[in-house]
Amino acid sequence: MQVIILEDNPILAEGLSLLLDNSGFQVAAVATDADEFAKAIDEHQVDIAIVDVRLPPTFTDEGLRAAIEARRVRPGLPVLVFSQYVEEVYAAELLAAGSEGVGYLLKDRVSRVDEFLEAVRRVAGGGTVLDPEVVSQLMVKRSSPLDRLTPREREVLALMAEGLGNTAIGEKLVISDGAVHKHVGNVFLKLDLPPTDSGHRRVLAVLAYLGL
């Protein structure tokens, strides 16, 4: 599985490269700014890009804007944002463009290597991984479409937004698979989601949850 890293901190970039190389991934390129990243995207057919948010020259939102442009050039490119910051506007735009194969983790809140590697694999496989703090910040002033959900249904949907499947949600909330299935069905029904495959409906539910 090939990876491009967009990270301007040389120590962190080297650490990520070594970790990924030693875990069965192949780092095709390491870019330190948006221009290098764009060139690397053109040159390599990668399975996922791992990007920081704040990069030269302004150290504001260059990484997210580069990720959005990369997905425009290469639709469906899995992107895992790995940053200390939540940049709400462009994070919302990145998710609104299609939440399949998108992740957003906060560096300070990832405590285990295996947790990070699992997130990389999940996003590369088309899944969604969102830190709860990211979800919380993106939810500010965006909850009105969800007023019909019960508190438990909101909990289930929040965990769906983090990328958890039904079994993992049941373990997290200490409820049965059947109960999770019922809550998920109620979420789909109350959000007026069109009948389609369950995976697509989960994506639509997450987008509704984030107000996108």
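Along the sequence shown, residues carry numbers from 1. Quick note: numbers below take in every heavy atom, side chains included, and nothing from hydrogens, waters or symmetry partners. Worth saying up front: this structure is predicted, and the values here are computed from it rather than measured.
Between the side chain of Q26 and the backbone N or O of G24 there is no donor-acceptor pair closer than 3.5 Å. Side-chain atoms of R109 never come within 3.5 Å of backbone atoms of D131 as a donor-acceptor pair (strictly under, hydrogens ignored). The main-chain N or O of T32 is found under 3.5 Å from a side-chain atom of E36 such that the two form a donor-acceptor pair. Judged purely by atom type and a 3.5 angstrom limit, E7 uses its side chain to pair as donor or acceptor with the backbone of N9.
Note on V46 and F116: separate hydrophobic clusters, where clusters join Ile, Leu, Val, Met, Phe, Trp and Tyr whose side-chain heavy atoms are under 4.5 Å apart, directly or indirectly. By the rule that hydrophobic residues join a cluster once side-chain heavy atoms approach within less than 4.5 Å of another member, V27 and L16 end up as members of one cluster. Cluster annotation: I48 and V51 are assigned to distinct hydrophobic clusters (Ile/Leu/Val/Met/Phe/Trp/Tyr, side-chain heavy-atom contacts under 4.5 Å, transitive). In the hydrophobic cluster analysis, where Ile, Leu, Val, Met, Phe, Trp and Tyr join through side-chain heavy atoms closer than 4.5 angstrom, M1 is grouped together with L20. Cluster annotation: L193 and V180 are assigned to the same hydrophobic cluster (Ile/Leu/Val/Met/Phe/Trp/Tyr, side-chain heavy-atom contacts under 4.5 Å, transitive).
Proximity of D42 to K39: side-chain heavy atoms (C-beta onward) are nowhere separated by under 4.5 Å. Between D8 and D33 there is no side-chain heavy-atom pair separated by less than 4.5 Å. The shortest side-chain heavy-atom distance between F25 and V120 falls under the 4.5 Å cut-off. I5 places a side-chain heavy atom less than 4.5 Å from the side chain of V3. Inter-residue side-chain proximity for V86 and L106 is flagged as met; some heavy-atom pair is nearer than 4.5 Å. No side-chain heavy atom of V129 sits less than 4.5 Å from a side-chain heavy atom of Y104. Side-chain contact between T128 and V123 is absent, with no heavy-atom pair separated by less than 4.5 Å. Side chains of E155 and L159 form no contact here, defined as non-hydrogen atoms less than 4.5 Å apart.
Crowding of K107 atom NZ: a count of heavy atoms from other residues, nucleotides or ligands under 6.0 Å exceeding 12.
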Determine, step by step, whether R71 and V102 satisfy the side chain to side chain contact (heavy atoms under 4.5 Å, CB included) criterion, reporting the C-alpha distance in whole Å, the side-chain angles of both residues, the deciding distance to 0.1 Å, and the verdict. CA-CA 10 Å; R71 281 172 68 92; V102 176; 3.6 Å; yes
Check the pair R54 / D61 against side chain to side chain contact (heavy atoms under 4.5 Å, CB included), numbers first and verdict last. CA-CA 5 Å; R54 299 187 177 184; D61 51 25; over 6 Å; no
Go through V156 and L173 one step at a time and tell me if the side chain to side chain contact (heavy atoms under 4.5 Å, CB included) criterion holds. CA-CA 8 Å; V156 169; L173 299 179; 3.8 Å; yes
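In this model, a donor atom of one side chain and an acceptor atom of the other lie less than 3.5 Å apart for N166 and R202.
In summary, of the residues considered (K190, R148, H183), a side-chain hydrogen bond (donor to acceptor under 3.5 Å, both in side chains) with E153 occurs for K190 alone.
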Sequence neighbours excluded and cut-off under 3.5 Å, please list the side-chain donor-acceptor pairs for residues 76-85, or say none.
residue	atom	partner	partner atom	Å
S83	OG	D52	OD1	3.3
S83	OG	Y85	N	3.0

